Engineer: 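Have a look at this one before I ask anything.
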Amino acid sequence: MRAAVVRTFGGPDAVEVLEREVPEPGAGQVRIKVAAAALNPVDAGLAAGVFGGAGADVGLGWDVAGTVDAVGPAASWSVGDEVVALHHGMLRPLGTHAEYVVVPADAVAKAPATADAVHAATLPLNALTAAQALDRLELGADHSLLVTGAAGAVGGYAVQLAAHRGMSVTALAREADEELVRSFGATRFTAGAVEAGSFDAVLDAAILGETALEWVRDGGAYIGVIPGTQPGSVRGVRTGAVEVSADGAQLAELVRLVDDGVLTLRVAEIFALVDAAKAHARLAEGGVRGRLVLVP
């Protein structure tokens with residue numbers, strides 16, 4: 001099969017599509033024939049060597065939508081099931097940017113009934129990150145939340161999920177994105193003018209760090225989206241960063257919200273798998289709304 005990997009770190013030109021052996025599922029695993037796989041900023045970081053891994057092939061891709069085509073012992077899925085999954089892990093020889101991928105059975109959920117595979121592939125990583133970040137904040141419907149980077153993939157899901165949970169959501173984004181983020185359910189919008197201490201919590205998808213921390217009230221909460229990068233606690237504000245985990249049950253709930261019209265799946269552009277380097281180059285240009293998606 002073909003798979004996108006990096007063998008030497010660098011920019012988009014470091015991404016290669018090479019022939020690799022088709023992986024076999026072990027106990028509690030399933031193999032998915034990939035129909036579509038989203039490209040995320042973490043993939044660019046892997047290609048650049050941000051997370052290490054020198055001296056070994058590093059497979060790219062975390063999101064997958066496709067069809068189960070082989071199951072290992074004790075795997076509760078059937079050949080032919082249409083599914084989505086998060087293939088979690090920083091440094092592994094194969095990711096989802098491939099024609100086949102093996103994942104734990106408990107990381108898998110039934111694919112949305114209302115979306116094609118290309119759109120479904122944009123759900124797992126970013127929606128799970130948003131949902132798990134909100135869970136960490138432990139907010140109720142009577143709390144106020146500021147989401148930075150609200151027009152991005154994680155931020156957009158965070159706004160929709162928080163609004164669905166009944167929170168008062170303010171979206172921070174560029175002025176040109178106001179209509180978009182309000183359509184996600186944000187009750188208020190700002191392009192940058194935020195009063196210090198004015199929110200119960202901030203979900204910092206834009207990675208503003210200490211700047212965003214200033215906007216949390218005393219004793220409130222801050223959550224970032226890159227582990228280890230959160231600012232230190234001040235004024236009694238609880239700080240942390242979500243480290244996303246694969247969770248098939250939670251992913252199934254997010255799929256239900258897609259089918260119920262709560263979550264919006266956004267595809268910016270589609271690239272063939274063989275053009276993975278071109279997709280990385282497009283991501284590096286910036287200004288992408290929605291996800292770039294690779295299809296074998």
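Numbers here are sequence positions counted from 1. What you see is a predicted model; the values in this text were computed from it and never measured.
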Engineer: Taking only Lys NZ, Arg NE, NH1 and NH2, and the carboxylate oxygens of Asp or Glu, determine whether Arg31 and Asp69 approach each other closer than 4.0 Å.
Structural biologist: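 Judged by the 4.0 Å cut-off on N to carboxylate O distance, Arg31 and Asp69 do form a salt bridge.
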Engineer: Of all heavy-atom pairs between Arg2 and Pro296, which one has the smallest distance, and what is that distance?
Structural biologist: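 In this case the closest contact between Arg2 and Pro296 is NH2-O, 3.1 Å.
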Engineer: Mind checking the CD-OH spacing from Glu210 to Tyr222? Nearest 0.5 Å is all I need.
Structural biologist: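 If we round to the nearest 0.5 Å, Glu210:CD and Tyr222:OH are 9.0 Å apart.
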Engineer: Report yes or no: do Val64 and Val58 belong to one cluster of Ile/Leu/Val/Met/Phe/Trp/Tyr joined by side chain heavy-atom distances under 4.5 Å?
Structural biologist: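 In one cluster: no.
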Engineer: Counting distance only, does the side-chain N/O of Arg238 pair as donor-acceptor with the main-chain N or O of Leu137 below 3.5 Å?
Structural biologist: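 Yes.
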Engineer: Which residue pairs pass the salt bridge (charged side-chain N to carboxylate O under 4.0 Å, His left out) test with at least one member in residues 71-86, sequence neighbours excluded?
Structural biologist: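 Listed by first then second residue: nothing to list.
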Engineer: Hey, does the side chain of Gln160 reach the backbone of Thr264 with a donor-acceptor pair shorter than 3.5 angstrom?
Structural biologist: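 A pair under 3.5 Å: yes.
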Engineer: Treat each ILVMFWY residue as a node, draw an edge where side-chain heavy atoms are under 4.5 Å apart, and state whether Leu91 and Val101 are in one component.
Structural biologist: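 Different hydrophobic clusters.
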Engineer: Under the side chain to side chain donor-acceptor pair (under 3.5 Å) rule, what pairs show up with a residue in residues 253-262, not counting sequence neighbours?
Structural biologist: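 Of all non-adjacent pairs touching residues 253-262, those that pass side chain to side chain donor-acceptor pair (under 3.5 Å) are Thr114-Asp259, Glu253-Arg256, Arg256-Asp260.
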Engineer: Does any non-hydrogen side-chain atom of Leu94 lie less than 4.5 Å from one of Arg20?
Structural biologist: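 Touching, per the 4.5 Å side-chain cut-off.
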Engineer: Determine, using the 4.5 Å side-chain heavy-atom cutoff (strictly less than), whether Val118 and Val83 are members of one ILVMFWY cluster.
Structural biologist: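 No, no single cluster joins them.
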Engineer: For a 4.5 angstrom cut-off between non-hydrogen side-chain atoms, does Leu254 reach Leu161?
Structural biologist: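 They are in side-chain contact.
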Engineer: Would you please test Arg291 and Asn126 for side chain to side chain contact (heavy atoms under 4.5 Å, CB included) and show each step?
Structural biologist: CA-CA 10 Å; Arg291 280 287 171 247; Asn126 296 289; 3.2 Å; yes
Engineer: Counting N and O atoms only, with roles assigned by atom type, does the side chain of Gln132 sit under 3.5 Å from a partner on the main chain of Ser245, one being a donor and the other an acceptor?
Structural biologist: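 Yes, the answer is positive, given that a donor and an acceptor are paired below the 3.5 Å cut-off.
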Engineer: Val225 and Ile207: side chain to side chain contact (heavy atoms under 4.5 Å, CB included), yes or no, with the steps?
Structural biologist: CA-CA 7 Å; Val225 296; Ile207 319 173; 4.2 Å; yes
Engineer: Quick one: which of Thr96, Asn40, Thr122 gives a side chain to side chain donor-acceptor pair (under 3.5 Å) with Asp63?
Structural biologist: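 Among the candidates, only Asn40 passes.
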Engineer: Going by the ring pair (Phe, Tyr, Trp, His ring centres under 6.0 Å) test, which pairs reach into residues 59-109, not counting sequence neighbours?
Structural biologist: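 Ring pair (Phe, Tyr, Trp, His ring centres under 6.0 Å) check on residues 59-109 returns Trp62-His88.
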Engineer: Show, in sequence, the C-alpha distance, side-chain angles and deciding distance for Asp177 and Arg289, and conclude whether the salt bridge (charged side-chain N to carboxylate O under 4.0 Å, His left out) test is met.
Structural biologist: CA-CA 10 Å; Asp177 291 318; Arg289 287 292 175 261; 3.0 Å; yes
Engineer: Within this structure, what is the CZ-NE2 distance for the pair Phe199 and His143, rounded to the nearest 0.5 Å?
Structural biologist: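 It is 14.0 Å, given to the nearest 0.5 Å.
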Engineer: Return yes if some donor-acceptor pair links the side-chain N/O of Asp275 with the main-chain N/O of Lys278 below 3.5 Å, else return no.
Structural biologist: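 A pair under 3.5 Å: no.
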Engineer: As an exercise, state the distance from CG of Leu128 to CG of Leu86, rounded to the nearest 0.5 Å.
Structural biologist: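 CG of Leu86 is found 6.0 Å from CG of Leu128.
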Engineer: Would you say Leu139 ends up clustered with Tyr157 if hydrophobic residues are merged whenever their side chains have heavy atoms under 4.5 Å apart, either directly or through other cluster members?
Structural biologist: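 Yes; Leu139 is reachable from Tyr157 via cluster members.
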Engineer: How many angstroms lie between atom CG of Leu39 and atom CG of Leu283, to the nearest 0.5 angstrom?
Structural biologist: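 If we round to the nearest 0.5 Å, Leu39:CG and Leu283:CG are 5.0 Å apart.
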Engineer: Mark yes or no for whether His119, through its side chain, and Asp116, through its backbone, hold a donor-acceptor pair below 3.5 Å.
Structural biologist: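 Checked: no pair found.
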Engineer: Under the rule for salt bridge (charged side-chain N to carboxylate O under 4.0 Å, His left out), what residues qualify as partners of Arg182, not counting sequence neighbours?
Structural biologist: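 Testing Arg182 for salt bridge (charged side-chain N to carboxylate O under 4.0 Å, His left out), a comparison that skips the adjacent residues, returns Glu178.
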Engineer: Would you check, one step at a time, whether the test side chain to side chain contact (heavy atoms under 4.5 Å, CB included) holds for Leu265 with Val267?
Structural biologist: CA-CA 7 Å; Leu265 305 175; Val267 175; over 6 Å; no
Engineer: How about CD on Glu269, more than 12 heavy atoms from neighbouring residues, nucleotides or ligands closer than 6.0 Å, or not?
Structural biologist: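 More than 12 within 6.0 Å, yes.
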Engineer: Taking all atoms of both residues into account, what is the closest heavy-atom pair of Thr8 and Ala14, and its distance?
Structural biologist: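 Closest pair (atom of Thr8, atom of Ala14, distance): O-CB, 3.2 Å.
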Engineer: Return the set of residues passing side chain to side chain contact (heavy atoms under 4.5 Å, CB included) with Ala120 (not counting sequence neighbours), or none when no residue passes.
Structural biologist: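 Side chain to side chain contact (heavy atoms under 4.5 Å, CB included) list for Ala120, sorted by chain: Ala65, Val84, Pro112.
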Engineer: Might you point out which heavy atoms bring Ala205 and Gly149 nearest each other, and give the distance in Å?
Structural biologist: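 Looks like CB-O, 4.3 Å.
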Engineer: Considering only heavy atoms from C-beta outward, does the side chain of Leu203 approach that of Leu146 to under 4.5 Å?
Structural biologist: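 The answer is no; the side chains never approach within 4.5 Å.
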Engineer: With a cut-off of 6.0 Å (strictly less than), are more than 12 heavy atoms of other residues, nucleotides or ligands near CD of Glu285?
Structural biologist: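 More than 12 within 6.0 Å, yes.
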Engineer: Which heavy-atom pair separates Val216 from Ala221 by the least distance, and what is that distance?
Structural biologist: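 That would be CG1-N, 3.4 Å.
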Engineer: Is Val258 close to Leu123 at the side-chain level, that is, under 4.5 Å between some pair of heavy atoms?
Structural biologist: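 Of all side-chain heavy-atom pairs linking Val258 with Leu123, at least one is under 4.5 Å.
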Engineer: Report the residue from Leu172, Val202, Leu213 that forms a side chain to side chain contact (heavy atoms under 4.5 Å, CB included) with Leu208.
Structural biologist: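 Going through Leu172, Val202, Leu213 one by one, the side chain to side chain contact (heavy atoms under 4.5 Å, CB included) with Leu208 is satisfied by Leu172 alone.
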Engineer: Between the side chains of Arg217 and Ser144, is a donor N or O closer than 3.5 angstrom to an acceptor N or O?
Structural biologist: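 Side-chain D/A pair, Arg217 to Ser144: absent.
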Engineer: Return the minimal non-hydrogen interatomic distance between Arg92 and Gly61, and the atom names on each side.
Structural biologist: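 Looks like NH2-O, 2.7 Å.
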Engineer: Quickly, which of Val194, Thr170, Thr190 forms a side chain to side chain contact (heavy atoms under 4.5 Å, CB included) with Trp215? Name it, please.
Structural biologist: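 Single side chain to side chain contact (heavy atoms under 4.5 Å, CB included) partner of Trp215 among Val194, Thr170, Thr190: Val194.
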Engineer: Hey, are the side chains of Val103 and Val30 touching, using non-hydrogen atoms and a 4.5 Å cut-off?
Structural biologist: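 Side-chain contact under 4.5 Å: yes.
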Engineer: Donor-acceptor pair, distance only, cut-off 3.5 Å: does the side chain of Arg188 make one with the backbone of Ala171?
Structural biologist: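 No: the side chain of Arg188 does not pair with the backbone of Ala171.
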Engineer: Are the side chains of Thr239 and Val237 in touch, meaning some heavy atoms are under 4.5 Å apart?
Structural biologist: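 With C-beta onward as the side chain, the pair touches.
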Engineer: Output, in order, the C-alpha distance, side-chain angles, deciding distance and verdict of side chain to side chain contact (heavy atoms under 4.5 Å, CB included) for Asp247 and Leu251.
Structural biologist: CA-CA 6 Å; Asp247 185 330; Leu251 183 56; over 6 Å; no
Engineer: Flag the pair Val295 / Phe271 as yes when at least one side-chain heavy-atom distance between them is below 4.5 Å, and no otherwise.
Structural biologist: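 With C-beta onward as the side chain, the pair stays apart.
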Engineer: Spell out, yes or no, whether Phe51 and Val5 are grouped together once hydrophobic residues are joined by side-chain heavy atoms under 4.5 Å, including indirect joins.
Structural biologist: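 Different clusters: Phe51 never reaches Val5 through Ile, Leu, Val, Met, Phe, Trp or Tyr contacts under 4.5 Å.
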Engineer: Assess whether a salt bridge exists between Glu99 and Lys33, defined as any Lys/Arg side-chain N lying under 4.0 Å from an Asp/Glu carboxylate O.
Structural biologist: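 Result for this pair is no, no salt bridge flagged.
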Engineer: Do Val42 and Val50 have side chains that get closer than 4.5 Å, going by heavy atoms?
Structural biologist: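 A side-chain contact is absent here, since even the closest heavy-atom pair is not under 4.5 Å.
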Engineer: If every non-hydrogen atom of Ala277 is compared with every non-hydrogen atom of Val15, which pair is closest and at what distance?
Structural biologist: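 Smallest interatomic distance, heavy atoms only, reads CB-O, 3.9 Å.
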Engineer: Applying salt bridge (charged side-chain N to carboxylate O under 4.0 Å, His left out), can you list everything that pairs with Arg136, at least two apart in sequence or on another chain?
Structural biologist: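 Partners of Arg136 by the salt bridge (charged side-chain N to carboxylate O under 4.0 Å, His left out) criterion come out as none, since no residue qualifies.
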Engineer: Do Gln250 and Asp135 have a side chain donor and acceptor closer than 3.5 Å?
Structural biologist: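 A donor-acceptor contact under 3.5 Å links the two side chains.
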